[in-house]
J.: 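Below is a structure I'd like to ask you about.
Numbers for residues simply follow the sequence, beginning at 1. In listed order, ligands and their atoms are each counted from 1.
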Amino acid sequence: MIVVTGATGNVGQELVRILVEAGEQVTAVSRRPAQLPDGVRHLQADLAESQSLRTALDGAEALFLLVAGDDPQGILDLAEAGGVRRVVLLSSQGVGTRPEVYRHPAAFEDAVRRSGLEWTILRSGGLNSNAFAWAETIRTQRTAAAPFGDVGLPTVDPADVAEVAATVLRESGHAGRTYDLTGPAPVTPQQRAEAIGDALGTPVRFVEQTRAEARAQMLTFMPEPVVEGTLAILGRPLPAEQEVSSAVERILGRAPRTVADWAARTAPAFR
Ligand SMILES: NC(=O)c1ccc[n+]([C@@H]2O[C@H](COP(=O)([O-])OP(=O)(O)OC[C@H]3O[C@@H](n4cnc5c(N)ncnc54)[C@H](OP(=O)(O)O)[C@@H]3O)[C@@H](O)[C@H]2O)c1
């Protein structure tokens, strides 16, 4: 049994699908009800209340953990007590490049490394699915607004993160490894909007936001230190944040998917 937390998310949903197709028994965890493939056990639990995960973890072999709540130790203790042997943590590339900002995922990484479990850490770069934030304005006005329109970052397809997660959850040889996951090349916000327009067959107009406009918008759904860190990455990325990682290709034996590929698959969300 593999427990997948964040099972309703961009990465988690795809991970559940891949594991089920590979014949694995899966328990999917989220706070909201989830639409899941047949045969998947769903448990409503909150990572912020670690004890709520007890039923999910009892008798499981592996855990896909995402960063939520403040008690990674409590979750990992329950996992060990329940018989889990392997944990794969979905963390952020920012832990490596800006540890002073990404303290929350860093605390989860520390707890995972200290645990008695066989662990692998996936440090994801920005996800292509962040562009879903444009879904409404693209649908209604064919516009997409973002700051730093000409700064490129090698954002990663959540389906690639899910496929890597499925591989390291099922295969040995990844214990004690930390992998940075990126896409195949830096892509600017303008190019991302263009890719969605190409997938729709109609142009999407890119609207450059000021830093202040973007900051105000982000503060509605992210804590301030994370907003500052995100704006710094988007506006003045460090060389390490623009670098393309070879991890997806090494683990999956193929190049990472492009933004054009992501846009083609998700076009209905922007129609
Ligand atoms: N977005 C990025 O650019 C980026 C970059 C690096 C790393 N990451 C990491 O990747 C993770 C997944 O990203 P994503 O795009 O798949 O996110 P997402 O689509 O927002 O999904 C998050 C998932 O986590 C669940 N969840 C959130 N808080 C929870 C809690 N307290 N207890 C139980 N479940 C909880 C949500 O379900 P419910 O709401 O139903 O509980 C949902 O299934 C993020 O959480 C982040 O740590 C993201």
J.: Given N128, which of T266, N10, T258, T155 fulfils the side-chain hydrogen bond (donor to acceptor under 3.5 Å, both in side chains) condition?
T.: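 That would be T155.
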J.: Which ligand 1 atoms does A68 reach within 4.0 Å, using its non-hydrogen atoms?
T.: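 Those qualifying, in numeric order: 28 (N), 29 (C), 30 (C), 31 (N).
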J.: Just checking, is any N or O donor in the side chain of H42 or S30 under 3.5 Å from an acceptor N or O on the other one?
T.: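 Their side chains do contain a donor-acceptor pair, which is all the 3.5 Å distance test asks for.
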J.: Could you check atom 15 (O) of ligand 1 against the protein and tell me its nearest heavy-atom contact, residue, atom and distance included?
T.: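 The closest one turns out to be N10 ND2, 3.1 Å.
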J.: Quick one: does N130 get an N or O within less than 3.5 Å of an N or O on ligand 1?
T.: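 Indeed, backbone or side chain, N130 has an N or O that close.
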J.: I need the nearest protein heavy-atom contact for atom 13 (O) of ligand 1: residue, atom name and distance, please.
T.: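 The closest heavy atom on the protein side is L127 CD1, 3.7 Å.
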J.: Can you find a protein heavy atom under 4.0 Å from atom 10 (O) of ligand 1?
T.: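 Protein heavy atom within 4.0 Å of atom 10 (O) of ligand 1: present.
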J.: By number and element, which atoms of ligand 1 are closer than 4.0 Å to a non-hydrogen atom of D46?
T.: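 Going through ligand 1 atom by atom, the ones under 4.0 Å from D46 are 30 (C), 31 (N), 32 (N).
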J.: Between R254 and D160 (salt bridge meaning N to carboxylate O under 4.0 Å), is one present in this structure?
T.: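 Counted as a salt bridge, because a side-chain N and a carboxylate O are separated by less than 4.0 Å.
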J.: Counting N and O atoms only, with roles assigned by atom type, does the side chain of E228 sit under 3.5 Å from a partner on the main chain of P225, one being a donor and the other an acceptor?
T.: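 Checked: no pair found.
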J.: Among all protein heavy atoms, pick out the one at the shortest distance from atom 7 (C) of ligand 1; state its residue, atom name and that distance to 0.1 Å.
T.: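 The closest heavy atom on the protein side is S92 OG, 3.2 Å.
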J.: I'd like to check whether S124 has a polar contact with ligand 1, where a contact means an N/O of the residue lying under 3.5 Å from an N/O of the ligand.
T.: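 Min N/O separation from ligand 1 is not below 3.5 Å for S124.
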J.: With the threshold set at 4.0 Å, does a side-chain nitrogen-carboxylate oxygen contact exist between D261 and R265?
T.: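 Yes, D261 and R265 are salt-bridged.
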J.: Which is it for A45 and ligand 1 at heavy atoms under 4.0 Å: side chain, backbone, both or neither?
T.: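 Only the backbone of A45 comes within reach of ligand 1.
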J.: In terms of side-chain geometry, is the basic nitrogen of R85 or E80 positioned less than 4.0 Å from the acidic oxygen of its partner?
T.: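 Looking at E80 together with R85, the answer is no, because their closest N to O distance does not fall below 4.0 Å.
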J.: How are the rings of F132 and F270 set to each other: parallel, tilted or perpendicular (split at 30° and 60°)?
T.: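 It falls in the parallel class, under 30°.
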J.: Please confirm whether G69 comes within less than 3.5 Å of ligand 1 when only nitrogen or oxygen atoms on both sides are compared.
T.: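 No.
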J.: Using a 3.5 Å distance criterion without hydrogens, assess whether the side chain of S245 forms a donor-acceptor pair with backbone atoms of D180.
T.: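 Yes.
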J.: Considering only the protein, which heavy-atom contact is closest to atom 28 (N) of ligand 1, and what is its distance?
T.: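 Result: R31 NH2, 3.2 Å.
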J.: Show the atoms of ligand 1 that are less than 4.0 angstrom away from any heavy atom in L90.
T.: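 By the 4.0 Å cutoff, the relevant atoms are 10 (O), 11 (C), 12 (C).
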J.: So, T120 and R177: side-chain donor and acceptor under 3.5 Å apart, yes or no?
T.: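 Absent: no donor and acceptor within the cut-off.
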J.: Between R86 and E171, does any side-chain N to carboxylate O distance fall below 4.0 Å?
T.: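 Result for this pair is no, no salt bridge flagged.
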J.: Regarding ligand 1, does G12 bring an N or O atom to under 3.5 Å of one of the ligand's N or O atoms?
T.: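 No, G12 has no N/O under 3.5 Å of an N/O on ligand 1.
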J.: Specify the protein heavy atom at minimum distance from atom 25 (C) of ligand 1: its residue, its atom name, and the distance to 0.1 Å.
T.: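 Checking every protein heavy atom, the shortest distance to atom 25 (C) of ligand 1 gives G6 CA, 3.6 Å.
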J.: Whether R257 and E163 form a salt bridge (side-chain N of Lys/Arg under 4.0 Å from carboxylate O of Asp/Glu) is what I want to check.
T.: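 A salt bridge links E163 with R257.
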J.: Run the contact test for G125 against ligand 1 with a 4.0 Å cut-off on heavy atoms, strictly below, and give the result.
T.: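 Right, G125 reaches ligand 1.
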J.: Would you mind checking which non-hydrogen protein atom is closest to atom 43 (O) of ligand 1, with the distance to 0.1 Å?
T.: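 Answer, as residue, atom name and distance: T8 OG1, 2.5 Å.
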J.: Ligand 1 and G9, any nitrogen or oxygen pair closer than 3.5 angstrom?
T.: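 Yes, G9 has an N/O under 3.5 Å of an N/O on ligand 1.
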J.: Given T8, which of Q13, R31, R32 fulfils the side-chain hydrogen bond (donor to acceptor under 3.5 Å, both in side chains) condition?
T.: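 Only match with T8 under side-chain hydrogen bond (donor to acceptor under 3.5 Å, both in side chains): R32.
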J.: Nearest non-hydrogen contact with atom 44 (C) of ligand 1 belongs to which option: L15, L47, L66, L53?
T.: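 The residue whose heavy atom sits nearest atom 44 (C) of ligand 1 is L66.
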J.: Just distances here: any N/O of S91 and N/O of ligand 1 closer than 3.5 Å?
T.: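 No.
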J.: Where on A7 is there a heavy atom closer than 4.0 Å to ligand 1, on the side chain, on the backbone, on both, or on neither?
T.: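 Backbone only; the side chain of A7 stays clear of ligand 1.
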J.: So, R17 and E14, do they make that salt bridge, N to O below 4.0 Å?
T.: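 Salt bridge flag = yes for E14 with R17.
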J.: If you count the atoms of ligand 1 from 1 in the order shown, which ones are under 4.0 Å from a heavy atom of G126?
T.: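 Result: 3 (O).
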